[in-house]
*Asks:* 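Quick one: the structure is below, and I'll ask about it shortly.
Note on naming: letters A, B, ... go to the chains in the order of the sequence lines (proteins, then strands), and numbering restarts at 1 for each one. What you are looking at is a predicted structure, and each value in this text was computed from that prediction instead of being measured.
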Amino acid sequence: MSQQQTETAAPAIDEVSRRNGRLAAYTERFGSPFNITTFGKTHEASVVKAKYEALAPGEKTTDHISVAGRVMAIRNNGMFIVILDDSDRLQIFHDLKTLSPEHAEKLDLIDLGDIIGVTGIVRRTPRGEITVDAVELSLLSKALEPPPEKFHGLKDVDFRFRHREQDLVASQRTRDTLRARFKMITLIRQFLNDKGFLEVETPMLHVLAGGATAKPFTTHHNALDMPLYMRVATELHLKRLVIGGISEKVYEIGRCFRNEGTSPRHNPEFTSIELYQAFVDFREMIAITEAIVHHVVLSLHGTSKIKFAEHEIDFTPPWPRRGMVDLIKEHTGLDLYAIPDAAAARAAALKIGVQTESGVSWGQVVEAAFGDKVEHNLVQPTHVIDLPKEISPLAKAWPDRPHVAQRFETYVNGWEIANAFSELNDPREQRARFEEQAEQKRGPDDPPHPIDEDFLKAMAFGMPPMGGMGMGIDRLAMLMTDSQTIREVIAFPTMRPVD
RNA sequence: GACCUCGUAGCUCAGCCGGUAGAGCAUCUGACUUUUAAUCAGGGGGUCGCGGGUUCAAAUCCCGCCGAGGUCACCA
């Protein structure tokens with residue numbers, strides 16, 4: 001073999017093949033990392049850093065500890081390795097001059113992204129970094145794919161959502177955001193459990209998708225040869241559980257599915273919490289809504305005020321209660337209470353730039369005007385009360401104000417985050433409302449609303465007066481994490497497949 | 001569903017008044033060795049989203065498709 005041939009550059013090899021080669025070499029020499037089932041980890045990275053916080057630069061201990069995590073950086077030919085576990089980063093040191101040949105061989109086969117376990121001695125380097133001087137090194141799992149770029153991380157939004165595991169490894173922000181979202185759900189559970197609520201489960205597969213006016217996903221049960229719908233809300237079954245007396249206070253945190261457009265605030269599947277409490281009305285729901293949200297804000301941020309985009313939002317209860325029609329008047333000058341006729345109200349709304357379909361009810365005009373002219377202004381937490389009965393088919397109306405429902409919607413940052421009412425419990429009235437709703441078609445291609453006879457039969461069995469509230473967990477998570485899109489707070493948002 | 005914008009190396013990006021593709025990180029080789037996005041020298045790596053058109057020549061211009069982001073519509 002000539003001198004020139006030995007100096008020829010290494011043949012081109014792709015990253016995966018190269019890593020497979022190193023895996024084979026490691027396996028040959030030390031056994032397959034994939035045969036390893038356990039590692040006796042004694043410390044989390046953050047615990048190591050906290051425990052040895054008092055060490056002075058250059059100070060060494062004699063404490064042996066074992067840590068494990070993903071290799072995030074390799075500097076100085078492996079002299080310094082930075083690993084990341086679920087708590088923090090931690091630096092590992094190898095003195096290359098005194099390393100045993102076997103240990104050096106192992107070290108040489110470690111790549112960025114590998115999962116390693118290290119046993120060693122804690123010290124603080126002269127430059128100030130808490131470090132583990134490695135005595136033993138084990139490859140616990142091989143990364144055959146390389147990690148994202150170490151400084152810029154993953155920027156491609158599409159790729160980040162399709163491969164959240166890589167996004168999580170690369171981005172502290174993503175870890176913080178998703179952890180906050182999941183912790184928030186636990187906080188709400190604990191809060192309600194402490195208040196005596198029973199967490200329940202209701203079906204996701206519905207024969208009729210009721211409880212909200214939304215387009216459902218359809219599916220099919222083969223053995224029963226029948227169509228089924230993914231639930232759009234948990235409302236009707238939760239009420240049936242309270243009717244049966246399983247508990248006077250129930251809640252469900254769960255996924256709902258709506259076959260509608262996506263947007264920065266809409267994902268086809270989203271998580272709602274709905275809760276129902278017997279013998280109280282919407283006013284108690286206002287109190288519990290404020291209490292839940294304030295508890296979450298305080299627990300996650302340690303303060304009642306949070307930053308969202310350019311706003312500071314103050315969640316200190318109580319939050320203002322404002323009439324929907326009053327707010328429209330305040331923002332546009334139009335007093336829809338003075339125009340009770342639907343057609344006249346529609347014409348008046350048109351003059352202020354609010355367009356509605358012909359034949360809509362007075363309540364739908366109010367809803368449209370509110371949505372166009374008021375909603376986006378409600379940045380600080382606000383309960384919008386006195387919603388029209390016509391757009392509240394499951395809510396009680398006021399006996400002395402028959403066109404106004406005992407209902408509120410809570411708005412923050414211009415978004416509806418909660419919706420609650422004194423639940424209608426008169427089965428005759430409920431049937432009439434459903435029938436009225438069934439006659440209204442949502443759009444030219446939409447089927448009419450089906451009437452849920454099972455629910456009506458349940459209500460006829462005797463439903464206690466109760467308050468109910470529903471809240472969008474995803475939007476609350478967006479607020480808590482200063483996330484501008486719902487996809488940031490959903491671990492795996494719905495995506496079209498790439499080819 | 002409509003409109004606007006984007007899609008270049010594994011990752012982050014430049015090139016886009018048409019002339020045949022570049023940088024940093026990663027990777028490989030070598031040097032150095034208490035680093036902190038380590039450093040220095042050199043090498044390899046690209047169907048420029050896919051398909052078609054215009055042209056002597058297309059990453060670049062035009063059309064269609066796919067995917068994404070934004071705005072709107074629907075909605076929570």
*Asks:* Between B/G10 and B/G52, how far apart are the C1' atoms? Round to whole Å, please.
*Replies:*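 Those two atoms are separated by 30 Å.
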*Asks:* Side chain of A/Asp158, heavy atoms from C-beta onward: which of B/U34, B/A76, B/A68 has the nearest atom to it?
*Replies:*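 Selected nucleotide (nearest to the side chain): B/A68.
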*Asks:* Take atom C1' in B/C74 and the same atom in B/C65, then report the distance between them in whole Å.
*Replies:*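 B/C74 and B/C65 have their C1' atoms separated by 26 Å.
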*Asks:* Which of residues 69-81 of chain A have a heavy atom under 4.0 Å from RNA chain B?
*Replies:*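 Nucleic-acid contacts, sorted: A/Arg75, A/Asn76, A/Asn77, A/Met79, A/Phe80.
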*Asks:* Nearest whole Å is fine: how far is B/C25 P from A/Asp111 CG?
*Replies:*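 Going from CG in A/Asp111 over to P in B/C25 covers 18 Å.
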*Asks:* Quickly work out the A/Glu129 CD to B/A37 C1' distance and round it to whole Å.
*Replies:*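 Going from CD in A/Glu129 over to C1' in B/A37 covers 14 Å.
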*Asks:* Send over the distance from A/Leu96 CG to B/A31 P, rounded to a whole Å.
*Replies:*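 Spelled out: CG on A/Leu96 to P on B/A31 is 13 Å.
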*Asks:* Are more than 12 heavy atoms from other residues, nucleotides or ligands located less than 6.0 Å from atom CD of A/Glu105?
*Replies:*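 Yes, enclosed.
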*Asks:* Give the ring-plane orientation class for A/His383 versus A/Phe408, where under 30° counts as parallel, over 60° as perpendicular and anything between as tilted.
*Replies:*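 Ring orientation, 0 to 90° scale: perpendicular.
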*Asks:* Measuring only the C1' atom in each nucleotide, how far is B/U29 from B/G45? A whole number of Å is fine.
*Replies:*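 It works out to 15 Å between them.
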*Asks:* If you measure from the C1' atom in B/G70 to the same atom in B/C61, how many Å do you get, rounded?
*Replies:*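 That atom pair is separated by 25 Å.
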*Asks:* Tell me if the CD atom of A/Gln355 is crowded by more than 12 foreign heavy atoms within 6.0 Å.
*Replies:*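 Count not over threshold, so no.
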*Asks:* Nearest of B/U34, B/G70, B/C28 to any side-chain atom of A/Phe93?
*Replies:*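 Nearest to the side chain of A/Phe93 among the choices is B/U34.
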*Asks:* Could you tell me which residues satisfy side-chain hydrogen bond (donor to acceptor under 3.5 Å, both in side chains) with A/Glu269, sequence neighbours excluded, listed by chain and number?
*Replies:*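 side-chain hydrogen bond (donor to acceptor under 3.5 Å, both in side chains) list for A/Glu269, sorted by chain: A/Arg255.
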*Asks:* Would you measure the distance from the C1' atom in B/G15 across to the matching atom in B/A9 and give it in whole Å?
*Replies:*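 Looking at atom C1' only, B/G15 and B/A9 are 14 Å apart.
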*Asks:* With a cut-off of 6.0 Å (strictly less than), are more than 12 heavy atoms of other residues, nucleotides or ligands near OH of A/Tyr229?
*Replies:*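 It does not: A/Tyr229 OH has 12 such atoms or fewer within range.
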*Asks:* Show me the pairs that pass salt bridge (Lys or Arg N to Asp or Glu O under 4.0 Å) and involve residues 73-90 of chain A, at least two apart or across chains.
*Replies:*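 Listed by first then second residue: A/Lys41-A/Asp85, A/Lys49-A/Asp88.
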*Asks:* Which word best sums up how the rings of A/Phe159 and A/His163 line up, parallel for under 30°, tilted for 30 to 60°, or perpendicular for over 60°?
*Replies:*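 Because their plane-to-plane angle lies in the 30° to 60° range, the rings of A/Phe159 and A/His163 count as tilted.
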*Asks:* Stacking between A/Phe270 and the base of B/A76 (centre distance under 5.5 Å, interplanar angle under 30°)?
*Replies:*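 One would call A/Phe270 stacked on the B/A76 base.
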*Asks:* Base, sugar-phosphate, or nothing: which does A/Leu112 touch, judged by heavy atoms less than 4.0 Å apart?
*Replies:*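 Sugar-phosphate only.
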*Asks:* Taking B/C25 as the reference, what is the distance to B/G42 when you measure between their P atoms (whole Å, please)?
*Replies:*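 Comparing P positions in B/G42 and B/C25 gives a spacing of 13 Å.
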*Asks:* B/U8 and B/C13: how far apart are their P atoms, nearest whole angstrom?
*Replies:*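 Roughly 10 Å separates the two P atoms.
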*Asks:* Rounded to the nearest Å, what distance is computed from the CZ atom of residue A/Arg160 to the C1' atom of nucleotide B/G69?
*Replies:*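 Between C1' of B/G69 and CZ of A/Arg160: 12 Å.
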*Asks:* If a pair satisfies ring-ring contact (aromatic ring centres under 6.0 Å, His included) and one of its residues is in residues 103-133 of chain A, list it, with sequence neighbours excluded.
*Replies:*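 Residue pairs with at least one partner in residues 103-133 of chain A: A/His94-A/His103.
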*Asks:* Do other residues, nucleotides or ligands put more than 12 heavy atoms under 6.0 Å from the CD atom of A/Glu59?
*Replies:*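 Yes.
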*Asks:* Walk along nucleotides 8-15 of chain B from 5' to 3' and tag each nucleotide B, S or - by protein heavy-atom contact under 4.0 Å, base first, then sugar-phosphate.
*Replies:* ---BSS--
*Asks:* Which value, in whole Å, describes the distance between the C1' atoms of nucleotides B/U27 and B/G44?
*Replies:*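 Per the computed distance, 9 Å lies between those C1' atoms.
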*Asks:* For A/Arg322, check side-chain hydrogen bond (donor to acceptor under 3.5 Å, both in side chains) against everything at least two apart and list the hits.
*Replies:*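 Listed in chain order: A/Glu330.
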*Asks:* At less than 4.0 Å, is any side-chain N or O atom of A/Arg487 found next to OP1 or OP2 of B/G70? Yes or no.
*Replies:*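 Checking A/Arg487 against B/G70: no side-chain N or O falls below 4.0 Å of OP1 or OP2.
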*Asks:* With both distances under 3.5 angstrom, what nucleotide forms a Watson-Crick or G-U wobble pair with B/A37?
*Replies:*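 Answer to the pairing question: none, since B/A37 forms no Watson-Crick or G-U pair.
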